[in-house]
Engineer: 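Pasting a structure below so you can have a look.
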Amino acid sequence: MEKNYDPKQFEERIYARWLDKGYFTACPNTDKKPFTIMMPPPNITGQLHIGHALDGAIQDAVIRYKRMRGYEALFMPGTDHASIATEVKISAKLVQEGTSKEKLGREGFLARAHLWNKQYGGQIALQQRRLGLSCDWRRSAFTMDKQRSGAVREVFVNLYDKGLIYRGDRLVNMCPSCRTALSDAEVEFEDADSRLWYVKYPVEECDEYITVATTRPETMLGDTAVAVNPKDKRYKNLVGKTLTLPLNGRKIPVIADDYVLADFGTGAVKITPAHDFNDFEVGKRHNLPSVTVIDDDGNMNNNAGEFEGLTAAYARLAIVEELQKQGFLLKTEEYKNKVGHCYRCRCVVEPLISKQWFVRMDSLVAPAVTAVKKGKIRFLPVRFKNNYLRWMENTRDWCVSRQLWWGHRIPVYYCARCGKETVSKTDLTKCPVCGGAVTQDEDVLDTWFSSALWPFATLNWPTNSPDLDFFYPTSVLATAYDIIGFWVSRMIFSGLEHTGKIPFSEVLIHGIVRDRDGKKMSKSSGNGVDPLDVIDIYGADVLRISLISGVSMGGDMKYSEEKAEGYRNFMNKLWNASRFVLLNSEGLTLIDLKKACAYLGLAEKWILGRFSITAGIVRKLMDKYEIGLAASVIYEFLWNEFCDWYIEESKISLYGSDQKKRNVTLNVLLYVLRETLKLAHPIIPFITAEIFDQLPNKDAEDIMVSPYPSAGRGAFKTAVKDMGEVIAAIKEIRALRHEMNVPAGKRPALFIRPRDGAEKLVKDSLKYVQKLGFASDVTVIKDKPDGKTVVLATALGEVYIPMGELVDAAAELFRLDRELEQIAEEIARAEGKLRNEGFVSKAPPALIAQEREKLNKFIAQRELVVKALERLKNV
RNA sequence: GGGAGCUUAGCUCAGUCGGUUAGAGCGCUUGCCUCACAUGCAAGAGGUCGUAGGUUCGAGUCCUAUAGCUCCCACCA
């Protein structure tokens with residue numbers, strides 16, 4: 001073995017072997033229970049970022065754990081065509097190349113997009129392999145491949161036939177840059193410094209006027225009413241009157257509607273049904289006409305009169321100027337409001353009326369809400385349940401058509417001859433009614449329309465396959481909290497609607513990756529970390545454990561180079577501990593430890609006991625998907641117990657002359673190492689596999705198909721407790737040495753007077769105390785030794801160290817004084833507690849007994865220190 | 001405007017059912033190249049657990065209020 005951990009030596013080799021052996025493949029298997037995770041398909045917009053690595057590391061840890069626990073574990077990989085996101089990227093690239101999507105035309109553009117998919121889709125899979133993800137690659141799916149496209153068509157047609165999909169002229173969010181409609185979820189609101197303009201609208205046939213306050217004067221030429229609150233006394237007599245729209249003189253009515261708040265602004269609102277969602281609703285209630293003044297491209301149209309052709313932003317300035325000039329502008333105020341932006345290109349979206357396809361949500365929402373409320377689908381952590389429910393309960397009809405090219409083209413055909421509209425699961429060229437030529441709808445579907453089908457489309461739904469029967473519903477869906485609305489909710493109602501079953505029973509929500517300052521990592525802010533870079537430097541295991549550790553569920557995680565370094569050191573520690581064990585394995589005879597109990601020393605029993613406790617804790621945490629906490633538990637066991645204590649203790653018999661003892665010790669070392677590797681394997685698969693391969697006691701063909709360690713029931717309880725006392729005593733001895741400035745190489749003799757009942761324990765632990773307490777030798781005594789000594793009250797009893805040339809009296813005096821002080825404090829605390837009647841009468845008896853015991857211990861300790869002080873002063 | 005989360009050592013975070021002297025890693029100080037590992041070993045300093053109340057024999061933990069930070073949702077023009 002190399003002296004230092006070097007993942008480059010083995011990660012790729014081991015992954016290739018796993019692939020070769022087919023360990024990742026999952027098949028319907030009636031002997032086993034299924035466990036299924038559908039990986040959220042990354043967008044093919046580019047390479048994977050660190051967030052994907054976190055996502056992957058969590059899911060792979062879960063799936064490897066379940067596989068080792070005996071499940072038929074399917075980890076389904078795939079990619080998402082990401083309609084708008086990819087199209088935006090490719091368009092930008094084309095512009096860079098001096099061409100454009102328009103110049104290429106639909107066919108040319110799609111060819112280009114497929115090429116793009118080949119390139120990035122392949123790259124993503126490679127990155128996932130380097131991370132060590134144990135996906136069943138044979139099943140790899142793409143949201144736009146043949147099978148998935150079939151599922152999309154099936155769903156569209158079914159929804160259409162059920163009347164759950166319709167086409168209509170509705171107000172939708174349009175992105176003027178992407179030139180497409182967006183769903184509500186795709187609009188992100190951001191704070192903006194704006195203004196509130198107060199504009200006078202003259203009342204017809206009198207000198208009065210109504211002042212309206214608006215943030216969007218450019219839409220005023222599309223106003224078709226001014227609304228006031230019906231209870232507002234100021235305007236009561238004006239309701240029903242007619243106003244003259246400034247600048248173009250159009251006549252509009254004053255209407256009363258509850259939507260208007262009397263105490264905001266002037267209490268009068270201009271109503272523009274064509275460019276505002278609320279106004280659209282008001283318009284419907286009052287049968288108002290709607291006048292569109294802004295077109296799809298974001299420019300003013302001919303309804304805007306002299307402002308036609310201006311961009312909306314420019315028209316705003318021009319209109320305000322004109323209002324001012326003509327005396328209609330009363331005043332202007334600074335104002336902060338929220339403005340919607342396109343989630344892909346960041347442009348300001350424009351609510352516009354257009355013909356779009358919608359999914360009717362009302363009947364889909366109810367079952368999806370019930371499934372979660374009744375606990376059929378559990379969110380972890382639970383707080384995200386509310387997040388989901390709120391989203392579901394507030395959702396409006398889902399606009400699913402997009403004026404894009406890259407995506408699933410809407411399977412609706414229009415007949416030029418008879419005008420009939422036909423939906424079809426297969427491509428049509430002729431109208432089924434009249435045989436006339438048909439043209440397909442130009443639009444494609446929202447990218448989330450296909451993502452929503454992922455849990456079952458990946459299992460080849462609607463084909464009724466053994467795979468679908470066996471692996472569906474899936475087990476866990478793991479994703480970050482930012483796409484609960486976009487994706488999780490839509491998978492739930494889609495699964496219920498189309499398969500009649502929930503798509504998954506648990507939703508595991510994790511946070512997003514931030515940099516060391518807590519900022520969201522992204523390419524645009526330049527603080528992104530490329531997972532491949534980290535893997536190149538530190539290895540996949542380090543990346544995985546760095547991302548997983550030190551976070552509890554649902555929380556964001558901060559990544560920094562220092563963190564990676566820390567875990568690289570941990571890998572090195574594990575590597576070298578294994579190296580130590582293997583280097584000493586010469587002459588090994590494997591034995592069954594269960595039959596060798598009589599030959600186990602205290603330290604052996606202790607480490608075996610500690611291991612089984614640790615295994616129990618880790619299992620429980622893994623069952624709860626608390627992988628980060630499981631990682632910490634393993635880390636601490638391996639480093640602070642196995643390495644710091646057991647390996648050191650094992651050296652006594654390893655380098656001793658008793659061959660039988662040596663062999664038993666070696667067997668214990670190998671056993672604990674092997675089982676600890678298994679505990680850690682789901683989190684750090686590569687290093688554990690590499691070491692496992694070299695173990696002389698390996699008990700499976702490969703660690704990833706070995707059974708996960710079980711907890712064992714309270715094994716070696718006494719030894720665990722006893723060794724705890726020995727360790728505590730040794731630590732005290734070491735601390736004393738340090739405090740007394742004993743030179744590192746100096747080994748004094750020690751004398752121990754065991755406390756009552758600890759005689760045997762002291763005898764059994766002499767060798768440990770001697771080696772790890774850096775003593776020349778340790779002698780058990782019944783009385784205080786002669787001569788000048790330093791005394792120490794330890795868990796084992798009184799420990800005496802001859803002062804001799806080692807320590808100076810002044811330092812010892814100081815130490816004892818300070819110790820006396822500390823003991824006094826503890827005694828006061830314990831006595832106070834025990835004097836408290838409430839405590840004595842109400843606290844559990846065990847706790848009171850514990851407190852008494854502690855008090856007695858401190859009193860004895862005080863006695864010892866007092867006597868030592870006296871002796872010291874007499875000398 | 002509504003909701004959620006966070007606030008514990010210089011930094012990043014654990015802390016289970018309310019119960020030992022509140023923990024870890026990094027960083028810092030001191031001493032060590034001790035035959036697995038200096039990517040290491042040993043010892044140590046460092047915390048009135050955001051603030052104010054309350055419940056309790058006992059509160060980092062439960063309740064109320066409050067401040068700061070972060071996020072989500074929402075139609076106040």
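All values derive from a computational prediction rather than experimental measurement. Values below: every heavy atom of this structure, side chains too, minus hydrogens, waters and symmetry copies. So you know, we letter chains A, B, ... as the sequences are listed, proteins then strands, and number each from 1.
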Engineer: Just verifying a value: how many Å separate A:Lys767 NZ and A:Ile652 CD1, rounded to the nearest 0.5 Å?
Structural biologist: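 Between A:Lys767 NZ and A:Ile652 CD1, I get 6.0 Å after rounding to 0.5 Å.
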
Engineer: So A:Ile647, base contact, sugar-phosphate only, or nothing? Heavy-atom distance under 4.0 Å.
Structural biologist: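 Base, at least one base heavy atom under 4.0 Å.
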
Engineer: NA contact type, A:Phe642, heavy-atom cut-off 4.0 Å: base, sugar-phosphate, or nothing?
Structural biologist: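 The answer is nothing, as A:Phe642 stays clear of every strand by at least 4.0 Å.
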
Engineer: What I want to find out is whether A:Glu281 reaches A:Arg285 closely enough, with some N-O distance under 4.0 Å, to be called a salt bridge.
Structural biologist: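 No, A:Glu281 and A:Arg285 are not salt-bridged.
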
Engineer: Using the six-membered ring of A:Phe379, assess whether NZ or CZ of A:Lys385 lies under 6.0 Å from its centre and within 45 degrees of the ring axis.
Structural biologist: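 Not satisfied by the 6.0 Å and 45° rule.
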
Engineer: What nucleic acid atoms does A:Asn386 come within less than 4.0 Å of, heavy atoms only: base, sugar-phosphate, or nothing?
Structural biologist: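 Since no nucleic acid heavy atom lies under 4.0 Å of A:Asn386, the category is nothing.
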
Engineer: Does OP1 or OP2 of B:A38 have a side-chain N or O of A:Lys3 closer than 4.0 Å?
Structural biologist: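 The answer is yes; a side-chain N or O of A:Lys3 sits under 4.0 Å from OP1 or OP2.
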
Engineer: Rounded to whole angstrom, note down the C1' distance from B:G31 over to B:A24.
Structural biologist: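 Taking atom C1' in both B:G31 and B:A24, they lie 23 Å apart.
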
Engineer: Would you say A:Asn569 reaches B:G40's phosphate, i.e. side-chain N/O to OP1/OP2 under 4.0 Å?
Structural biologist: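 Yes, such a contact exists.
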
Engineer: Answer with base, sugar-phosphate or nothing: what part of the nucleic acid does A:Gly511 contact at a heavy-atom distance below 4.0 Å?
Structural biologist: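 It contacts nothing in the nucleic acid.
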
Engineer: Counting only distance, no hydrogens or angles, is the base of B:A36 paired donor-acceptor with the side chain of A:Glu648 under 3.5 Å?
Structural biologist: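 Pair found.
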
Engineer: Would you mind calling B:C17 syn or anti? Take O4'-C1'-N9-C4 for purines or O4'-C1'-N1-C2 for pyrimidines, and syn is within 90° of 0.
Structural biologist: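 Syn.
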
Engineer: Taking atom C1' in both B:A43 and B:C17, what distance in whole Å separates the two?
Structural biologist: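 Per the computed distance, 36 Å lies between those C1' atoms.
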
Engineer: By the 4.0 Å heavy-atom rule, please label A:Trp197 as base, sugar-phosphate, or nothing.
Structural biologist: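 Counting heavy atoms under 4.0 Å across all strands, no contact is made by A:Trp197.
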
Engineer: Could you work out the separation of B:U64 and B:G27 based on their C1' atoms and round it to a whole Å?
Structural biologist: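 Each nucleotide's C1' atom is 39 Å from the other's.
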
Engineer: Closest-nucleotide mapping onto RNA chain B: is A:Val840 or A:Val581 further toward the 5' terminus? I mean the 5' end.
Structural biologist: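 Residue closer to the 5' terminus by nearest nucleotide: A:Val581.
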
Engineer: Does NZ or CZ of A:Lys573 lie under 6.0 Å from the centre of the six-membered ring of A:Tyr5, at an angle within 45° of the ring axis?
Structural biologist: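 Geometry flag: not set, cation outside 6.0 Å or 45°.
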
